[in-house]
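What follows is a set of notes on a single structure, which appears directly below.
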Amino acid sequence: MLSDGKAGDEAQCLGVAERLGLSPVVRRVKPRAPYVWLMPWGPVDPAEAPGKPHSPIAPPWPDIVIASGRRTVAYLRRIRKESGGRTLTIFLKDPSTGADTAETIWVPLHDKLRGENVLATLTSPHRISPERLAEARARTPAWLQPGRITAGVLLGGNSRNHRFTDQNITEFVARLASIAASGAHLVVTPSRRTPSALGAAIRDLCAAYDGFFWDGAGDNPYLAILAHADHFIVTADSVNMLGEAAATGKPIHLYTPSGGHTKISSFVSGLERHGAVRALSGALETWSYEPLDATPAIAVAVAKAYAARRGAPGETI
């Protein structure tokens, strides 16, 4: 598996590999300037080329390589060339270099790339499988309060496209306060992008209403929240969190901070049409929908591409 170190990209690759029943070896690329400036169109950094002491790509070439992240594109192309086409190359998301970059490519529906080897789905691949959710449900977290409605708050933050203004923070916290005052138990996991003012306001709110706010100590309760919560409150800046919550079939209450992007709006519209998402108000509504999980379909596409070449997949990177 090839990665440039971004956690979101790695999670997508791991999700596909795990659905295939594989245990991938993770190789991270770290191209230097000026080569990194030329990505994804330029060449591999010569210091990381095959044969160099610290190269992330070297023979023996694996059966399958799954990659994501623009910095991995040149390395994936190099593996394809050096292996003589023996290695099946998979790329997740639009590589920006065309559909012939890899044998199989996955993109979200809101991206424009299409081709015979391109699979497009509404949600992204992830590691939130039914098996992992079932395992998490079998364990009772200390914060769970039986008899109370649990509202899992998957808290994002400022991003390239969204920003929490002071007005957004006031509005969002007020809606959470209304939900907490109704008796719902707030269970919150923030992200690295959560602004300090937003995190502090929600932490105080949880303290006032006997909620739970993960402070970074111990294991991240993210998976446990997905498994145990009755409702989700998710901020629109995170496509990954929205897609993972949609895999549960539970109601998703969406808060959209300032800003936005047409691709994210298109994604949210798709979730709304499916019945997964409604705008966050000051009360929890209950509804159901068919869980959304594109990961199995993406894994099947990879398995079919591999089977068309040589049979059942073996070890992968």
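Remember, predicted model here, so these are calculated numbers, not experimental data.
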Item to check | Pairs flagged by ring-ring contact (aromatic ring centres under 6.0 Å, His included) wherever residues 148-172 is involved - sequence neighbours left out | outcome: F172-Y255
Checklist outcome for this item: Interatomic distance, CG@D237 vs OG1@T256, rounded to 0.5 Å, equals 9.0 Å
Checklist entry - Which is it for L2 and V65 under the side-chain contact (heavy atoms from CB on, under 4.5 Å) test, yes or no, and what are the steps along the way? => result CA-CA 7 Å; L2 282 180; V65 174; 4.0 Å; yes
Checklist outcome for this item: Nearest heavy-atom contact between I202 and L155 is CD1-CD2, 3.7 Å
Checklist entry - Considering all heavy atoms of both residues, which atom of P190 and which atom of F213 are nearest to each other, and what is their separation? => result CG-CZ, 3.8 Å
Checklist entry - Run the side-chain contact (heavy atoms from CB on, under 4.5 Å) check on K30 and H54 step by step: do they pass? => result CA-CA 10 Å; K30 298 178 181 179; H54 302 294; over 6 Å; no
Next on the checklist: Is any side-chain heavy atom of R114 closer than 4.5 Å to one of V107?
Outcome noted: yes
Next on the checklist: So, using side chain to side chain contact (heavy atoms under 4.5 Å, CB included) as the criterion, who are the partners of S238 when residues are at least two apart?
Outcome noted: R193, N240, M241
Next on the checklist: Can a donor-acceptor pair be found, under 3.5 Å and without considering hydrogens, that links the side chain of T150 to the backbone of A229?
Outcome noted: no
Checklist entry - Backbone N or O of A227 within a donor-acceptor pair of the K250 side chain at under 3.5 Å? => result yes
Checklist outcome for this item: salt bridge (Lys or Arg N to Asp or Glu O under 4.0 Å) filter on R32, not counting sequence neighbours, yields D45
Checklist entry - With sequence neighbours left out, what residues match H110 under side chain to side chain donor-acceptor pair (under 3.5 Å)? => result none
Next on the checklist: Nearest 0.5 angstrom please: L223 CG to L133 CG, how far?
Outcome noted: 6.0 Å
Next on the checklist: I'd like to know if the side chain of S68 and the backbone of L92 have a donor-acceptor N/O pair within less than 3.5 Å.
Outcome noted: yes
Checklist entry - Under the criterion side-chain contact (heavy atoms from CB on, under 4.5 Å), which of D94, L113, D100, I90 is the partner of I105? => result L113
Checklist entry - For the side chain of S55 and the backbone of A58, is there at least one donor-acceptor N/O pair under 3.5 Å apart? => result no
Checklist entry - In chain order, what residues pass the salt bridge (Lys or Arg N to Asp or Glu O under 4.0 Å) check against K93, with sequence neighbours excluded? => result D9
Next on the checklist: Under a 3.5 Å distance rule, please check whether E272 uses its side chain to pair with a backbone N or O of V277 as donor and acceptor.
Outcome noted: no
Item to check | Hydrophobic cluster identity match, I66 and L119, side-chain contacts under 4.5 Å | outcome: yes
Checklist entry - Is there side-chain contact between E48 and I57, with heavy atoms separated by less than 4.5 Å? => result no
Next on the checklist: Could you see if V173 belongs to whatever hydrophobic cluster contains F232? Use Ile, Leu, Val, Met, Phe, Trp, Tyr and a side-chain cutoff under 4.5 Å.
Outcome noted: no
Checklist entry - Is the shortest heavy-atom distance from the side chain of I252 to the side chain of L242 under 4.5 Å? => result yes
Next on the checklist: Main chain of A247, side chain of H126: is a donor-acceptor contact present, judged purely on distance under 3.5 Å?
Outcome noted: no
Checklist outcome for this item: Correct closest heavy-atom pair for C13 and A67 would be SG-C, 3.8 Å
Checklist entry - Stepwise, does the side-chain contact (heavy atoms from CB on, under 4.5 Å) test hold for D210 with Q145? => result CA-CA 10 Å; D210 194 27; Q145 296 185 2; 3.1 Å; yes
Checklist outcome for this item: Applying salt bridge (Lys or Arg N to Asp or Glu O under 4.0 Å) to E135 and not counting sequence neighbours gives none
Checklist entry - Is the backbone N or O of E103 less than 3.5 Å from a side-chain atom of T89, with the two atoms forming a donor-acceptor pair by type? => result yes
Checklist entry - Honestly curious: do V234 and W214 fall in one hydrophobic cluster under the side-chain, below-4.5 Å linking rule? => result yes
Item to check | ILVMFWY cluster, I298 and L20 together (side-chain gap under 4.5 Å) | outcome: yes
Next on the checklist: Which residues end up grouped with W37 if you chain together Ile, Leu, Val, Met, Phe, Trp and Tyr wherever their side-chain heavy atoms are less than 4.5 Å apart?
Outcome noted: V36
Next on the checklist: Between I149 and L284, is there a side-chain heavy-atom distance shorter than 4.5 Å?
Outcome noted: yes
Next on the checklist: Would you say that more than 12 heavy atoms from the other residues, nucleotides or ligands in this model lie under 6.0 Å from the CG of N220, or not?
Outcome noted: yes
Checklist entry - Taking R71 for the side chain and M39 for the main chain, is one N or O donor matched with an acceptor at less than 3.5 Å? => result no
Item to check | Between W106 and T121, a side-chain donor and acceptor under 3.5 Å | outcome: yes
Checklist entry - K6: what forms a salt bridge (Lys or Arg N to Asp or Glu O under 4.0 Å) with it, not counting sequence neighbours? => result D4
Next on the checklist: To check you understand the geometry: which heavy-atom pair defines the closest contact between L226 and A245, and what is its length?
Outcome noted: CD2-CA, 4.0 Å
Checklist entry - So, do Y75 and R27 sit near enough that their side-chain heavy atoms are less than 4.5 Å apart? => result no
Checklist entry - Could you go step by step and tell me if L254 and V268 meet the side-chain contact (heavy atoms from CB on, under 4.5 Å) rule? => result CA-CA 9 Å; L254 180 71; V268 169; 3.6 Å; yes
Item to check | Closest contact, heavy atoms only, T235 versus G157 | outcome: OG1-N, 4.4 Å
Checklist entry - Quick one: side chain to side chain donor-acceptor pair (under 3.5 Å) partners of R77, sequence neighbours excluded? => result none
Next on the checklist: Quick test of your reading of the model: are R127 and E18 salt-bridged, counting only N-O distances below 4.0 Å?
Outcome noted: yes
Item to check | Minimum side-chain heavy-atom gap D63-L88 below 4.5 Å | outcome: no
Checklist entry - Given the rule in the side-chain hydrogen bond (donor to acceptor under 3.5 Å, both in side chains) test, do T123 and D293 qualify, once you have shown the distances and angles that lead to the verdict? => result CA-CA 7 Å; T123 57; D293 186 358; 5.7 Å; no
Checklist entry - Any side-chain donor-acceptor pair under 3.5 Å between N161 and S159? => result no
Checklist entry - Which heavy atom in N117 sits nearest to a heavy atom in A99, and how many Å separate them? => result ND2-O, 2.7 Å
Next on the checklist: Taking ring-ring contact (aromatic ring centres under 6.0 Å, His included) as the criterion, tell me which of H274, H253, H231 meets it with W287.
Outcome noted: H253
Checklist entry - Does a side-chain heavy-atom distance below 4.5 Å link P108 with F267? => result no
Next on the checklist: Are the side chains of W41 and V73 in contact, using a 4.5 Å heavy-atom criterion?
Outcome noted: no
Checklist entry - How would you list, by chain and number, every residue that makes a side chain to side chain contact (heavy atoms under 4.5 Å, CB included) with Y209, sequence neighbours excluded? => result A180, A181, L205
Item to check | Hydrophobic cluster identity match, L292 and I233, side-chain contacts under 4.5 Å | outcome: no
Item to check | Contacts of A217 that satisfy side chain to side chain contact (heavy atoms under 4.5 Å, CB included) - sequence neighbours left out | outcome: D215
Checklist entry - Is the backbone N or O of G156 less than 3.5 Å from a side-chain atom of R192, with the two atoms forming a donor-acceptor pair by type? => result no
Item to check | Short N-O contact, E285 and R278, less than 4.0 angstrom | outcome: yes
Item to check | Residues forming a side chain to side chain contact (heavy atoms under 4.5 Å, CB included) with S129, sequence neighbours excluded | outcome: R19, E131, R132
Checklist entry - Do side-chain atoms of R78 reach the backbone of A49 as a donor and acceptor pair under 3.5 angstrom? => result no
